[in-house]
Amino acid sequence: MRLTRKVTAMALASCMVLSMTACGGSKPAETTAAATAAAETTAAATEAAKEAETTAAAAAEAAGGDMADKKVGISIYKFDDNFMTLYRTELERYMVEDLGFKKENITIQDGKGDQAEQTNQIQNFIASGVDVMILNLVQSSSAPQVTDMCKDAGIPVVYINREPDAAEEERWKTEGLNATYVGADARQSGTFQGEEIVETENKGDINGDGKVSYIMVQGDPENVDAQYRTEFSVKALTDAGIEVEELLLQRGDWDQAKGQQIVQDALTQFGDKIEVVFCNNDAMALGALQAIDAAGRKVNEDIYLVGVDALTEAVQNVVDGKMTGTVFNDHFGQAQTAADMAVKYLNGEAVDPVNMVDYVKVTNANAAEILEKVK
Ligand code: BGC
């Protein structure tokens with residue numbers, strides 16, 4: 001799954017230019033340099049050459065121009081997060097392998113869940129003269145302050161994963177600031193989770209009492225992903241005319257061990273009354289599954305369980321019928337879009353304030369296919 005549409009398009013563009021020479025297994029950076037050179041030589045000559053130049057420009061642009069000397073500062077809210085680890089790995093891979101950045105010019109810091117620490121890292125990025133930043137804020141409410149710091153330093157910033165609020169995004173537009181957000185609309189993932197329950201044979205009402213009794217294991221509530229998934233998963237049920245009963249809503253901070261503890265305690269307290277376990281992410285759903293197994297309950301028989309992210313283990317569980325569903329939080333698409341936006345800034349191009357990547361519903365029907373993409 002490493003080869004995405006974009007990468008394929010880039011390779012194609014390079015191949016079109018290089019068809020005059022060769023198109024083998026050369027690395028993207030070399031390919032681009034060769035493509036540009038090829039186009040330059042022929043540009044002055046014929047109509048055909050003009051065409052080649054256009055194609056070369058497209059190839060260079062697709063590969064991000066010459067990024068080899070560009071310095072990038074990246075800070076992740078904390079390294080100890082399953083999903084953000086996948087994201088960060090893909091971000092670095094894509095920038096180095098596909099866009100021609102040098103690994104030694106990319107600094108990735110661990111925000112350690114501490115905004116003061118992360119703000120410090122951002123100040124150091126500014127002092128060291130990075131050309132662009134990609135930031136996964138610890139607290140999205142810090143965005144106005146951080147954006148102003150970046151503006152004063154003349155450094156564009158791409159925010160990822162934890163979305164600043166609408167007023168802040170609006171300000172980037174009205175004040176013409178070089179700041180943008182790349183993420184996924186968490187309302188969509190919440191809705192998909194709810195639909196996965198609505199689509200079960202008894203619409204989530206396992207005991208047939210006319211209502212769906214659920215527990216909600218929430219991520220960090222400061223994060224809009226947690227707020228929206230909590231709200232919209234349940235809304236999908238009520239929108240379908242289903243009555244719901246919330247037995248418990250508790251924050252598990254995206255963490256597997258906390259997810260396990262919360263669900264273990266809830267199963268002790270509410271027992272068979274629990275028909276659905278909603279988890280705002282897969283890490284907590286994996287914890288929930290451990291608790292469900294330990295309590296001798298059976299997913300898809302006497303309890304339903306859904307998460308979000310499509311971690312490999314979770315998707316495997318959906319294939320095996322041990323989780324009802326999850327939602328693919330496309331870290332490939334998000335990481336690549338974030339890097340592409342950074343490149344646009346470096347090339348002096350305009351960037352939209354908000355860039356969303358779609359989620360994909362994952363149920364038993366397509367889990368095997370999704371597993372191929374994520375593993
Ligand atoms: C993911 C979580 C992750 C969080 C970090 C969410 O989009 O679903 O797994 O912990 O982002 O901010």
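Just follow the structure's listing: the first ligand is 1, and inside any ligand the first atom is 1. Just so you know, residue 1 is the first one in the sequence shown, and it goes up from there. All values below come from the heavy atoms of this structure, side chains included, with hydrogens, waters and symmetry mates left out.
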Just checking, any donor-acceptor pair under 3.5 angstrom between side chains of S213 and E245?
yes

Only pairs at least two apart or in different chains count here, so list each ring pair (Phe, Tyr, Trp, His ring centres under 6.0 Å) that has a residue in residues 204-225.
Y214-F278

May I ask you to check if ligand 1 and N329 share an N or O to N or O distance below 3.5 Å?
yes

Is R93 salt-bridged to D98, cutoff N-O under 4.0 Å?
yes

Hydrogens and angles aside, do Q261 and D265 bring a side-chain donor and acceptor to less than 3.5 Å of each other?
yes

Should one rank V327, N281, D309 by closest heavy-atom distance to atom 8 (O) of ligand 1, which comes out on top?
D309

Is ligand 1 under 4.0 Å from a heavy atom in the side chain of R229, in the backbone, in both, or in neither?
side chain

Under 3.5 Å, N or O to N or O, is N161 touching ligand 1 that way?
yes

Counting from 1, what ligand 1 atoms have a heavy atom of N223 closer than 4.0 Å?
12 (O)

Side-chain donor-acceptor pair present, S189, Q193, cut-off under 3.5 Å:
no

Per-atom contacts, ligand 1 versus F83 - under 4.0 Å to a heavy atom:
1 (C), 9 (O)

What protein heavy atom sits nearest atom 10 (O) of ligand 1, and how far away is it?
D81 OD2, 2.5 Å

Against heavy atoms of D225, which atoms of ligand 1 measure under 4.0 Å?
6 (C), 7 (O), 11 (O)

If we ignore angles and hydrogens, is there a donor and acceptor under 3.5 Å between the side chains of T326 and D282?
yes

